[in-house]
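Take a look at the structure below.
All figures in this text were calculated on a predicted structure; none of them were measured in a lab.
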Amino acid sequence: MQSIISKNGSETPEPVKAQVRGSVPTWLQGTLLRNGPGLFSIGNSEYNHWFDGLSLIHSFTFSNGEVTYRSKFLKSDTYRRNIEADRIVVSEFGTMVYPDPCKNIFSRAMSHFRNIIPDFTDNNLINIIRYGEDYYASSEINYINKIDPETLETVGRVNYRNHIALNLATAHPHYDQEGNTYNMGTAIMGLSGPKYIIFKVPAKNPKLALSKVQQVCSIPFRSTLFPGYYHSFGMTENYIVFVEQPFKLDIVKLATAYFRGLNWGNCLKFDENDITVFHVINKKTGKRVSTRFYGDALVVFHHINAYEDDGHVVFDLISYKDSNLYNMFYLHNMKQETNNFIEKNKVFSPPVCQRFVLPLDVQKESPRGTNLVTLKNTTAQAVMQEDASVYCQPDILFEGLELPGINYSFNSRKYRYFYGSRLEWSPHPNKIAKVDITTKTHVEWHQVNCYPSEPVFVASPGAQEEDDGVILSSIICSDPGVSPFLLILNARTFEEIARASIPAPVHIDLHGLFIPAAGLVAPVRQASPLSAVQMCRSSPPACEWADDWLCCEAPWGVVER
């Protein structure tokens with residue numbers, strides 16, 4: 001398995017027709033776009049970390065029961081410079097690059113000088129996001145690359161800072177019912193001090209969407225030199241939920257990483273003795289809820305969903321007890337034999353799906369030690385403290401699942417089901433699961449030696465039930481006799497409907513989205529009223545490079561239980 005993950009991928013630039021076994025639903029019309037690292041060595045140079053690999057974008061297009069596949073490397077500036085030099089010349093998350101010793105003294109000196117303000121990557125390998133009518137390959141930096149979702153051609157690079165002053169931005173935005181996009185970023189430098197920024201890209205004027213970006217609010221860092229790392233955030237109908245975790249970026253260490261022989265990944269540190277702070281921000285007013293909510297130290301990468309319920313904000317996320325997951329993705333670990341890999345990573349902190357519940361109307365005179373959560377369907381607690389802060393403890397929903405997905409029509413609403421990839425002995429999954437929050441049960445899809453990508457839910461036309469649709473997942477196999485394939489499951493029963501075997505190499509990926517054929521902008525369907533069953537359950541900086549001194553690439557059969 002490890003050799004499959006870390007080997008170089010290859011392009012399939014022209015569409016190839018898949019061989020379908022079973023029956024692809026005729027209503028399934030559109031394109032599944034996927035993104036992830038695909039090139040790990042250039043010339044005689046190699047990356048150190050799986051999250052460093054150059055972006056390889058895949059598309060699976062569904063039309064009249066047939067499936068076609070194509071893939072292309074993102075032609076970022078980073079890709080072009082590396083290929084032209086026939087070596088890695090741009091630093092990534094886990095790989096710091098130094099001047100070619102064959103260069104003359106002047107060239108080496110200039111290279112060292114430029115690394116006072118490092119030459120950061122635009123290798124957008126994490127996700128595909130939509131702003132207006134445009135689609136972008138994204139990671140967690142100030143650059144995104146616009147792509148053509150049909151041809152996978154790279155259209156051109158966009159700098160967030162030409163529209164809003166940010167150093168970093170997530171690759172996991174949210175979309176509301178009107179098609180507006182919400183996202184978060186970090187501003188390290190500015191007159192008002194370092195802060196987290198929440199911004200909105202309106203659906204109006206979709207061809208000029210980013211030029212109309214609006215700042216919703218800003219949140220000062222708890223510690224000026226140690227901002228919390230974040231990979232995603234939660235959103236309800238009226239609120240943004242931001243988890244400021246004690247997995248922190250050391251600003252001083254980052255600014256001097258090049259000269260200290262460190263990579264950017266070494267500048268992230270988990271402080272197990274700190275707390276986690278939960279910020280709740282009104283989307284319309286930009287004001288934070290005044291109550292200070294906090295919990296125990298945790299590490300979180302992915303949120304599952306969030307919603308409001310009877311005066312509470314409920315949000316579900318996947319947490320870890322430490323940050324060891326990142327270390328497992330270093331390629332010297334990934335290249336180990338499976339048994340050695342398992343043996344050396346026994347201390348791996350498994351992902352835990354947790355539910356936090358925050359009461360919105362907190363009275364400061366409430367009795368100390370009182371649990372303020374009044375919802376009956378959860379064991380999550382929010383306990384009033386002596387200083388009027390609220391200590392939050394989660395309800396456990398499930399253990400051993402990552403890369404979560406839902407029926408996005410239920411995003412920001414009460415929901416019952418989520419889907420994800422099962423993590424057991426490796427940070428790469430070997431099963432797909434569907435979790436029923438109400439019954440606390442789950443079902444799985446599994447095939448020996450097969451490794452699925454993040455499951456993507458696509459609803460059936462006119463669906464009334466939350467799980468009426470299909471699950472799509474790209475599968476690779478360590479058995480050379482099994483071709484890679486696109487798996488289609490009945491989302492309700494988790495039984496296989498069809499698989500489309502791809503007559504071309506397919507590489508494991510990270511994230512992506514489905515674009516319906518009816519139009520490039522995926523419609524967000526208004527969720528139907530819940531049935532009784534479901535109820536149970538500002539301006540850019542003064543100069544182009546002013547903030548370029550900071551960046552961090554982060555992320556990285558049916559069984560009934």
Original post:
In this structure, which one of Y408, F457, F398, W445 forms a ring pair (Phe, Tyr, Trp, His ring centres under 6.0 Å) with Y419?
Top reply: F457
Original post:
Shortest non-hydrogen contact from T12 to A504?
Top reply: OG1-CB, 3.5 Å
Subject >> Electrostatic pair E465-R492, nearest N-O below 4.0 angstrom >> reply: no
Original post:
Does a side chain donor of either S55 or N123 reach within less than 3.5 Å of an acceptor in the other side chain?
Top reply: no
Subject >> Test item: side-chain donor near acceptor, T276 and Q245, under 3.5 Å >> reply: no
Original post:
Does a side-chain heavy-atom distance below 4.5 Å link I497 with L489?
Top reply: no
Original post:
K440 side chain to V435 main-chain N or O, any donor-acceptor pair under 3.5 Å?
Top reply: no
Original post:
Between Y47, W50, F40, which is the residue that forms a ring pair (Phe, Tyr, Trp, His ring centres under 6.0 Å) with F329?
Top reply: W50
Original post:
Are a donor atom and an acceptor atom from the side chains of N183 and T170 found within less than 3.5 Å of each other?
Top reply: yes
Original post:
How far apart are the C-alpha atoms of S421 and K431, what are their side-chain angles, what is the distance that settles it, and do they pass the side-chain contact (heavy atoms from CB on, under 4.5 Å) test?
Top reply: CA-CA 6 Å; S421 303; K431 300 176 182 178; over 6 Å; no
**OP:** Given side-chain contact (heavy atoms from CB on, under 4.5 Å), test R499 with I488 step by step and report yes or no.
**Re:** CA-CA 6 Å; R499 65 174 60 189; I488 305 176; over 6 Å; no
**OP:** Could you tell me whether a side-chain N or O of R70 sits under 3.5 Å from a main-chain N or O of P13, the two making a donor and an acceptor?
**Re:** yes
Subject >> Contact summary for N8 and S41, nearest pair of heavy atoms >> reply: ND2-OG, 2.9 Å
Original post:
With the threshold set at 4.0 Å, does a side-chain nitrogen-carboxylate oxygen contact exist between R422 and E402?
Top reply: no
Original post:
Is the count of non-hydrogen atoms from other residues, nucleotides or ligands lying under 6.0 Å from E272 atom CD greater than 12?
Top reply: no
Original post:
Of the non-hydrogen atoms in S349 and Y320, which two are nearest, and what is the gap between them?
Top reply: O-CD2, 3.1 Å
Original post:
Atom CG in L32, atom CD1 in I515: separation rounded to 0.5 Å?
Top reply: 9.0 Å
Subject >> Atom of Y330, atom of G94 and distance for their closest heavy-atom approach >> reply: CE2-O, 4.3 Å
Original post:
Is the shortest heavy-atom distance from the side chain of D122 to the side chain of Y79 under 4.5 Å?
Top reply: no
**OP:** Measure from NZ or CZ of R130 to the centre of the six-membered ring of Y175 and say whether it is under 6.0 Å with the direction within 45° of the ring axis.
**Re:** yes
Original post:
Is a side-chain donor-acceptor pair under 3.5 Å present for T31 with T61?
Top reply: yes
Original post:
Closest approach of S453 and S473, non-hydrogen atoms and distance?
Top reply: O-OG, 2.9 Å
**OP:** Keeping the roles fixed (side chain from S45, backbone from I42), state whether a donor-acceptor pair exists under 3.5 Å.
**Re:** yes
Subject >> F247 vs L268, side-chain contact (heavy atoms from CB on, under 4.5 Å): CA-CA, chis, key distance, verdict >> reply: CA-CA 7 Å; F247 186 32; L268 288 167; 3.7 Å; yes
Subject >> F242 and F278 aromatic centres sub-6.0 Å >> reply: no
Subject >> N44 atom CG: more than 12 heavy-atom contacts under 6.0 Å >> reply: no
Subject >> Minimum side-chain heavy-atom gap L317-V243 below 4.5 Å >> reply: yes
Original post:
Do NZ/NE/NH1/NH2 and the carboxylate oxygens of K434 and D467 come within less than 4.0 Å?
Top reply: yes
Original post:
Using the ring of each side chain (for Trp, its six-membered ring), is F60 parallel, tilted or perpendicular to Y69, with breaks at 30° and 60°?
Top reply: tilted
Subject >> Polar side chain donor-acceptor pair, T154 to N145, under 3.5 angstrom >> reply: no
Original post:
Any chance the side chains of T78 and T121 put a donor and an acceptor closer than 3.5 Å?
Top reply: yes
**OP:** Nearest 0.5 Å please: distance from the CG atom of L403 over to the CD1 atom of I304.
**Re:** 11.5 Å
Original post:
Can R413 and E237 be counted as an ion pair, charged N to O under 4.0 angstrom?
Top reply: no
Original post:
Any side-chain heavy atom of H302 within less than 4.5 Å of one from E454?
Top reply: no
Subject >> Sub-6.0 Å ring centroid separation between H332 and H49 >> reply: no
Subject >> Output field: ring centroids Y307/F315 closer than 6.0 Å >> reply: no
Original post:
Can you find a side-chain donor-acceptor pair between S138 and N127 that sits under 3.5 Å?
Top reply: no
Original post:
Counting only N and O atoms by type, is there a donor-acceptor contact under 3.5 Å from the side chain of Y229 to the main-chain atoms of F270?
Top reply: no
**OP:** Might you work through the side-chain contact (heavy atoms from CB on, under 4.5 Å) test for F494 and I432, ending with a clear yes or no?
**Re:** CA-CA 9 Å; F494 240 51; I432 306 172; 3.8 Å; yes
**OP:** Evaluate the side-chain proximity of L375 to V357: yes if any heavy-atom separation is below 4.5 Å, no if none is.
**Re:** yes
Original post:
Taking all atoms of both residues into account, what is the closest heavy-atom pair of V97 and S91, and its distance?
Top reply: N-OG, 2.9 Å
**OP:** Please step through side-chain hydrogen bond (donor to acceptor under 3.5 Å, both in side chains) for the pair N64 and T26, ending with a clear verdict.
**Re:** CA-CA 5 Å; N64 301 319; T26 55; over 6 Å; no
Original post:
Does H172 reach the side chain of H303, with side-chain heavy atoms less than 4.5 Å apart?
Top reply: no
Original post:
Salt bridge or not for K75 and E11, using N-O below 4.0 Å?
Top reply: yes
**OP:** Kindly compute the distance separating OG (S474) from CZ (R34), expressed to the nearest 0.5 Å.
**Re:** 7.5 Å
Original post:
Quick one: do D395 and R355 make a salt bridge, cutoff under 4.0 Å?
Top reply: no
Subject >> Gap separating the OG1 atom of T68 from the NZ atom of K17, nearest 0.5 angstrom >> reply: 10.0 Å
**OP:** Indicate whether the side chain of D316 and that of Y415 have a donor and an acceptor atom separated by less than 3.5 Å.
**Re:** yes
Original post:
What's the spacing between C477 SG and N449 CG if we round to 0.5 Å?
Top reply: 5.0 Å
Original post:
Within the distance-only criterion (no hydrogens, no angle test), does the side chain of N305 pair as donor or acceptor with the backbone N or O of F410 below 3.5 angstrom?
Top reply: yes
Original post:
Is there side-chain contact between L54 and L125, with heavy atoms separated by less than 4.5 Å?
Top reply: no
**OP:** Any chance you could measure N82, atom CG, to I88, atom CD1, to the nearest 0.5 Å?
**Re:** 6.5 Å
Original post:
Just wondering, do H446 and N430 contact through their side chains at under 4.5 Å, heavy atoms?
Top reply: yes
